A.B. asks: 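First the structure, then my questions, so here it is.
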Amino acid sequence: MQIEEAGALVTGGASGLGEATVRRLTARGAVVTIVDRDAEKGEALAKEIGQGTQFATADVTDEDQVRAAVDHAASAAPLRIVVNCAGLGWAGRVINRDGSPHDLGPFQFVINVNLIGTFNGMRLGASAISKTDPINDDGGRGVIINTASVAAFDGQIGQIAYSASKGGIVGMTLPAARDLAPVGIRVLTIAPGTMDTPLLGLLPEEGRQALAANIPFPKRLGRPEDFASLVEGMVENDYLNGETVRLDGALRMPPK
Ligand SMILES: NC(=O)c1ccc[n+]([C@@H]2O[C@H](COP(=O)([O-])OP(=O)(O)OC[C@H]3O[C@@H](n4cnc5c(N)ncnc54)[C@H](O)[C@@H]3O)[C@@H](O)[C@H]2O)c1
């Protein structure tokens, strides 16, 4: 699928992997709408990039806000590309050291933002894409790319809520691709390893180096641009569908 002149929407687009994706898609000629709950960062980024880049404030868990953001994106250019990056982490074990159980509240919160928020972006984005005209010989209309994590497969101690939320995103990939096949929308998932975003930037340099030392090759943290490159390739490769791709330098996370 051609990126040039395609309408694109990136949730969590104000920071990290989403921001790199916004920059890459814009550089390739897409008309991008950044969707994020951080209005200050999102607006500043849209202004800095220019080239028709728009910003829409939305919490991905909110139906009305995401619907309005999708409408806003579709009004600028026919929507073809939806990249769901909004997400967050949470640390907590099934039971705490004193034997008390994990609180349900934070577990539900992480599932709500990471899994249900991704589904919200996917369903509303897919509905908008389905209303556009097909743009290639296959009858393709667009592509949805969701962001899981290697924690979907090798969740570490203390990652029960996060792993459950990301495992859900992996689990949605094939059924969503099958659901959306009749309207020519592909669905893909990226499962990043340890990526050097503002999230990891909070760690001291030693901690970041220790993380990088466990990565077989390349022996470094992933760059947001590595993620953006994969998004670009996924959009352009029309035969890639219903699959989750690990982006991790062959890293397999140990228990802790
Ligand atoms: N950085 C990593 O090492 C790594 C590894 C695996 C997976 N991931 C996943 O990649 C995605 C992006 O992570 P990142 O490292 O770029 O983080 P980040 O914190 O730099 O960016 C996340 C963005 O999502 C936004 N966001 C969070 N909750 C939101 C909500 N409810 N509604 C709207 N926007 C919301 C934040 O405001 C922020 O701009 C996340 O889903 C994360 O779980 C990151």
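Just so you know, ligand 1 is whichever comes first in the structure, and atom 1 is the first atom listed for that ligand. Remember, predicted model here, so these are calculated numbers, not experimental data.
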A.B. asks: What pairs of donor and acceptor atoms, side-chain ones from residues 164-174 against any protein atom, are under 3.5 angstrom apart with sequence neighbours left out?
C.D. replies:
from	atom 1	to	atom 2	distance (Å)
Ser165	OG	Asn114	ND2	3.2
Ser165	OG	Tyr162	O	2.7
Lys166	NZ	Thr147	O	3.1
Thr173	OG1	Ile169	O	3.0
Thr173	OG1	Val170	O	3.0
Thr173	OG1	Thr189	OG1	2.6

A.B. asks: Going by the atom numbers of ligand 1, which of them fall below 4.0 Å from some non-hydrogen atom of Ala148?
C.D. replies: 7 (C), 9 (C)

A.B. asks: For atom 11 (C) of ligand 1, which protein heavy atom lies nearest, and how many Å away is it?
C.D. replies: Cys85 O, 3.0 Å

A.B. asks: If you count the atoms of ligand 1 from 1 in the order shown, which ones are under 4.0 Å from a heavy atom of Tyr162?
C.D. replies: 6 (C), 7 (C), 8 (N), 9 (C), 42 (C), 43 (O)

A.B. asks: Can you tell me how far CZ of Arg93 sits from NE2 of His102, rounded to the nearest 0.5 angstrom?
C.D. replies: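 If I round to the nearest 0.5 Å, the distance is 11.0 Å.
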
A.B. asks: So which heavy atom in the protein is nearest atom 31 (N) of ligand 1, and how far is it from that ligand atom?
C.D. replies: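 Nearest neighbour among protein heavy atoms for atom 31 (N) of ligand 1, to 0.1 Å: Asp59 OD1, 3.1 Å.
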
A.B. asks: Taking Asp179 first and then Arg123, would you say they form a salt bridge - that is, a charged N and a carboxylate O separated by under 4.0 Å?
C.D. replies: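 No.
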
A.B. asks: By number and element, which atoms of ligand 1 are closer than 4.0 Å to a non-hydrogen atom of Thr147?
C.D. replies: 9 (C), 10 (O), 11 (C)

A.B. asks: Where's the contact between Lys166 and ligand 1, heavy-atom distance under 4.0 Å: side chain, backbone, both or neither?
C.D. replies: side chain

A.B. asks: State the atoms of ligand 1, each with its element, that fall below the 4.0 Å cut-off from a heavy-atom position in Ala58.
C.D. replies: 32 (N), 33 (C)

A.B. asks: Starting from atom 22 (C) of ligand 1, what is the nearest protein heavy atom, named by residue and atom, and what distance separates them?
C.D. replies: Gly87 O, 4.1 Å

A.B. asks: Considering only heavy atoms, which of Arg37, Gln65, Glu19 lies nearest to atom 28 (N) of ligand 1?
C.D. replies: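 Heavy atom nearest to atom 28 (N) of ligand 1 belongs to Arg37.
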
A.B. asks: Counting heavy atoms only, which of Gly12, Gly222, Gly193, Ser149 comes nearest to atom 23 (C) of ligand 1?
C.D. replies: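 Minimum heavy-atom distance to atom 23 (C) of ligand 1 goes to Gly12.
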
A.B. asks: Looking only at non-hydrogen atoms, find the nearest pair between Ser163 and Gly155 and report the distance.
C.D. replies: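 The answer is OG-CA, 3.2 Å.
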
A.B. asks: Can you find an N/O atom of Thr197 closer than 3.5 Å to an N/O atom of ligand 1?
C.D. replies: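 Right, the criterion is met.
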
A.B. asks: Is the shortest N/O to N/O distance between Met195 and ligand 1 below 3.5 Å?
C.D. replies: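 Yes: some nitrogen or oxygen of Met195 is under 3.5 Å from one in ligand 1.
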
A.B. asks: Going by an N to O cut-off under 4.0 Å, is there a salt bridge joining Arg220 and Asp226?
C.D. replies: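 Counted as a salt bridge, because a side-chain N and a carboxylate O are separated by less than 4.0 Å.
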
A.B. asks: For atom 6 (C) of ligand 1, what's the nearest protein heavy atom and its distance?
C.D. replies: Pro192 O, 3.4 Å

A.B. asks: Can you tell me the protein heavy atom closest to atom 16 (O) of ligand 1 and the distance?
C.D. replies: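 Ranked first by proximity to atom 16 (O) of ligand 1 is Leu17 N, 2.8 Å.
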
A.B. asks: Count the heavy atoms belonging to other residues, nucleotides or ligands that lie under 6.0 Å from CZ of Arg252, then report whether that count exceeds 12.
C.D. replies: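 Yes, because the 6.0 Å sphere around CZ of Arg252 holds more than 12 heavy atoms from other groups.
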
A.B. asks: If you have a sec, work out which protein heavy atom is nearest atom 17 (O) of ligand 1 and how many Å separate them, to one decimal?
C.D. replies: Leu199 CD1, 4.0 Å

A.B. asks: List every atom of ligand 1 that sits less than 4.0 Å from any heavy atom of Ser15, numbering the atoms from 1 in the order shown and giving each element.
C.D. replies: 16 (O), 18 (P), 20 (O), 21 (O), 38 (C), 39 (O)

A.B. asks: Under 4.0 Å between a Lys/Arg side-chain N and an Asp/Glu carboxylate O for Lys47 and Glu43?
C.D. replies: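 Glu43 and Lys47: not salt-bridged.
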
A.B. asks: Atom 37 (O) of ligand 1: which protein heavy atom is closest, and how many Å away?
C.D. replies: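 Of the protein heavy atoms, Asp36 OD1, 2.6 Å lies nearest.
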
A.B. asks: Enumerate the atoms of ligand 1 whose separation from the nearest heavy atom of Thr194 is less than 4.0 angstrom.
C.D. replies: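 In order of number, 3 (O).
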
A.B. asks: Output the list of atoms in ligand 1 that are nearer than 4.0 Å to some heavy atom of Gly16, sorted by atom number.
C.D. replies: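 Counting from 1, the qualifying ligand atoms are 16 (O), 20 (O).
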
A.B. asks: Any atoms of ligand 1 less than 4.0 Å from a non-hydrogen atom of Val113? List them with their elements.
C.D. replies: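 Those of ligand 1 that fall under 4.0 Å from Val113 are 28 (N), 31 (N).
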
A.B. asks: Tabulate below the donor-acceptor pairs under 3.5 Å that side-chain atoms of residues 4-14 make, not counting sequence neighbours, or state none.
C.D. replies:
from	atom 1	to	atom 2	distance (Å)
Thr11	OG1	Cys85	N	3.0
Thr11	OG1	Ala86	N	3.2

A.B. asks: Return yes when Gly117 approaches ligand 1 closer than 4.0 angstrom through a heavy atom, no otherwise.
C.D. replies: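 False for this residue.
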
